Protein chains: 2
Amino acid sequence: MGARLGGVTRTYHHGNLRDALLARAEEQLATDGVDGISLRSLARDLGVSHAAPARHFRDKQALLDALALVGFRRLDDGLARAVTEAGGAFDDRLRGLGRAYARFAIAHPRLLEVMYAGKHHPEASAELLAVARRGLGLVADAVDTGQRAGAVRDGDPDHLALLLFAAVHGVAQLATGDLLDGEPAADLLDDLLETCLRGLAAPTPAG
Amino acid sequence: MGARLGGVTRTYHHGNLRDALLARAEEQLATDGVDGISLRSLARDLGVSHAAPARHFRDKQALLDALALVGFRRLDDGLARAVTEAGGAFDDRLRGLGRAYARFAIAHPRLLEVMYAGKHHPEASAELLAVARRGLGLVADAVDTGQRAGAVRDGDPDHLALLLFAAVHGVAQLATGDLLDGEPAADLLDDLLETCLRGLAAPTPAG
DNA sequence: TACCCATGTTGTCAACGACAACATGGGCGC
DNA sequence: GCGCCCATGTTGTCGTTGACAACATGGGTA
């Protein structure tokens, strides 16, 4: 088969309906929010019958779960890139990670919402958690580097990473909810990051 | 009228349907999540017709907005209580505020979700923002106190308050989303709070 | 006393998620 | 090279829901 529609080779009827659904769902999500997504409207948009999506996602929730997974993967990519671009200094890496997270949140607020929605199916939850943890690992690595250099106070790197992550996540949440009183998210984030870095600094040897 | 049902005086048919709807909606929210709330099921539970709720909430969203308002008011009460119980020291006040916030978040995770959902009607948004800002004011007051005592670094108290709020909010979000790896939320919160307080400390006069 | 409006009711509609029964055609085993 | 099977897609249907319109009622007030 494979009809040409709009320059893109479509191989529906035995092809890539699943990906097409995800792509269209993400568009819909960005413009109309989670409630704007309906399996039936997705099917209509893609020219398939209303029951076709069920072959790929047993549930509406299953589709949202898949969307969340896409989001986490993309987020992870962004974080990984931030690390490589940040050079070796642990604090620059942490700053880069924080900014990358905020950038993602502001660029894809609705997607972030789906990613952190507590409604995922149990199986999906496990997978999502695993991917989320990968991002956290990048933070922990940077913290560990800081500790080895004697610049960061002692403590379980994972714990400290979670702490930093929570702070950045909080800013991102407020930013996407437009609860910042017009304060630029970047400013608040930088300030919070510096504050935390200062708070996490190893005690300077007395004298 | 006023029929006695279950020991509570009900004056439906000219009485308190609105409050009853809110109360029942909050129960439903706690047990089944936002999607578990349907205007029709609420009406059924309260023994009124399916269209009765529309007299009090033009929309399903309007009901959720009202629920959010209830939540913010209750949160504000908790925060205010925390301040009075914390004594005069600014840092104790901040700790008390942070813990009160986390306590609320963990006790009412779904409600918090509704409170921060970005879908509110515009009129409701304004009111919600006003109430939310009131809580933030308590934080700013404590920061201001710390600054006057020379213990907190310079800077707009509202800005610093927002910074602290974001951090605490982040922890609360992760906690309600069960994303803490089993780490007790209280521990993480305390740790983050201490870190931020340390980071916000005024530079000690050289020497 | 009579009217009006707040509140509640019945009826209806379109959209949706979910499910069941059925169709089809491509790839794989033989 | 042929035919069968299953992945994928279709049609049909059901119950639920939110929203709206037209109608009922009764309490407070002019």
Side-chain angles (χ1 to χ4, degrees), chain A residues 1-3 5 9-25 27-29 31-68 114 117 119-124, chain B residues 1-3 5 9-25 27-29 31-68 114 117 119-124:
Chain A
M1 287 270 131
L5 269 78
T9 303
R10 304 284 192 94
T11 41
Y12 289 169
H13 308 271
H14 312 277
N16 49 10
L17 217 209
R18 191 192 143 97
D19 289 345
L21 283 167
L22 280 176
R24 182 71 191 113
E27 292 178 17
Q28 201 78 351
L29 176 65
T31 61
D32 295 338
V34 195
D35 294 339
I37 297 181
S38 102
L39 295 174
R40 290 175 100 106
S41 83
L42 292 178
R44 274 195 300 272
D45 290 351
L46 297 177
V48 295
S49 76
H50 64 184
R55 293 291 162 200
H56 300 274
F57 304 101
R58 83 172 138 102
D59 239 10
K60 183 176 182 176
Q61 187 55 53
L63 180 136
L64 294 180
D65 291 349
L67 223 39
V114 170
K119 303 184 286 188
H120 306 291
H121 283 140
E123 331 84 69
Chain B
M1 289 270 129
L5 268 79
T9 303
R10 303 285 191 96
T11 42
Y12 288 168
H13 308 273
H14 311 279
N16 50 9
L17 216 209
R18 192 192 141 97
D19 288 345
L21 283 167
L22 280 176
R24 182 72 190 114
E27 291 177 19
Q28 201 77 352
L29 176 64
T31 61
D32 295 337
V34 197
D35 293 339
I37 297 180
S38 102
L39 295 175
R40 290 176 102 108
S41 84
L42 292 178
R44 275 194 299 272
D45 290 350
L46 297 175
V48 295
S49 77
H50 65 227
R55 293 292 162 198
H56 301 275
F57 304 101
R58 85 172 136 101
D59 239 10
K60 182 177 184 177
Q61 188 54 53
L63 180 135
L64 294 180
D65 291 350
L67 222 40
V114 170
K119 303 183 287 188
H120 306 291
H121 283 141
E123 333 84 69

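Labels below follow one simple rule: chain letters A, B, ... track the order of the sequence lines, proteins then strands, and each chain is numbered from 1. Hydrogens, waters and symmetry mates are skipped; everything else that's a heavy atom, side chains included, is used. Source: prediction; values computed, not measured.
Minimum heavy-atom separation, B/S41 to B/Q28: OG-NE2, 4.2 Å. Of all the heavy atoms in B/K60 and B/V34, the pair that sits closest is NZ-O, 4.5 Å. Closest heavy-atom contact between B/D65 and B/H120: OD1-ND1, 2.7 Å.
Under 4.0 angstrom from either OP1 or OP2 of D/dT16 there lies no side-chain N or O belonging to B/S41.
When the C1' atom of D/dG18 is taken as reference, atom NZ of B/K119 falls 14 Å away, rounded to whole Å. Across the protein-nucleic acid pair, A/D35 atom CG and C/dC16 atom P stand 12 Å apart, rounded to whole Å. In this structure, the CG atom of A/D32 is 12 Å from the P atom of C/dC16, given to the nearest Å. Rounded to whole Å, the distance from CG on B/D19 to P on C/dT7 is 12 Å. One atom, CG of B/L21, and another, P of D/dG18, lie 12 Å apart when rounded to the nearest Å. One interatomic measurement links the two molecules: CG of A/L17 to P of C/dT24, which rounds to 18 Å at whole-angstrom precision. Following rounding to the nearest Å, A/L46 (CG) and D/dG9 (P) show an atom-to-atom distance of 11 Å. Residue A/F57 contributes atom CZ, which lies 15 Å from atom C1' of D/dG9 at whole-angstrom precision.
Toward the 5' end of DNA chain D, the nearer of the two residues A/R40 and B/Q61, judged by each one's closest nucleotide, is A/R40. Each of A/R44 and B/S49 was matched to the nucleotide of DNA chain C holding its nearest heavy atom; the match closer to the 5' end belongs to B/S49.
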Checklist entry - Pairs counted as Watson-Crick or G-U wobble with both distances under 3.5 Å: what dot-bracket string results for DNA chain D, using | for bases tied to another strand? => result ||||||||||||||||||||||||||||||
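Considering only residues two or more places apart in sequence or on other chains, A/D32 meets the side-chain hydrogen bond (donor to acceptor under 3.5 Å, both in side chains) condition with none of them. Taking the side-chain hydrogen bond (donor to acceptor under 3.5 Å, both in side chains) definition, one finds that A/R58 meets it with A/E123, sequence neighbours left out.
The CG atom of A/L67 lies 10.5 Å from the CD atom of A/Q61; values are rounded to the nearest 0.5 Å.
Residue A/R18 is classed as having no contact, given no heavy-atom separation below 4.0 Å to the nucleic acid.
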Atom pairs and distances, donor-acceptor, side-chain atoms in residues 49-57 of chain B, under 3.5 Å, two or more places apart:
from	atom 1	to	atom 2	distance (Å)
B/H50	ND1	B/R40	NH2	3.2

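Proximity note for B/A52 (side chain, C-beta onward) versus C/dG17, D/dT8, C/dT9: the nearest is C/dT9.
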What pairs of nitrogen or oxygen atoms, one from the protein and one from nucleotides 19-21 of chain C, lie under 3.5 Å apart?
from	atom 1	to	atom 2	distance (Å)
C/dA21	N6	A/R55	NH2	3.4

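Residue pairs meeting the salt bridge (Lys or Arg N to Asp or Glu O under 4.0 Å) criterion with at least one partner in residues 16-25 of chain B, sequence neighbours excluded, are B/R24-B/E27, B/R24-B/D45.
Side-chain contact check for A/I37 versus A/L64: some heavy-atom pair is nearer than 4.5 Å.
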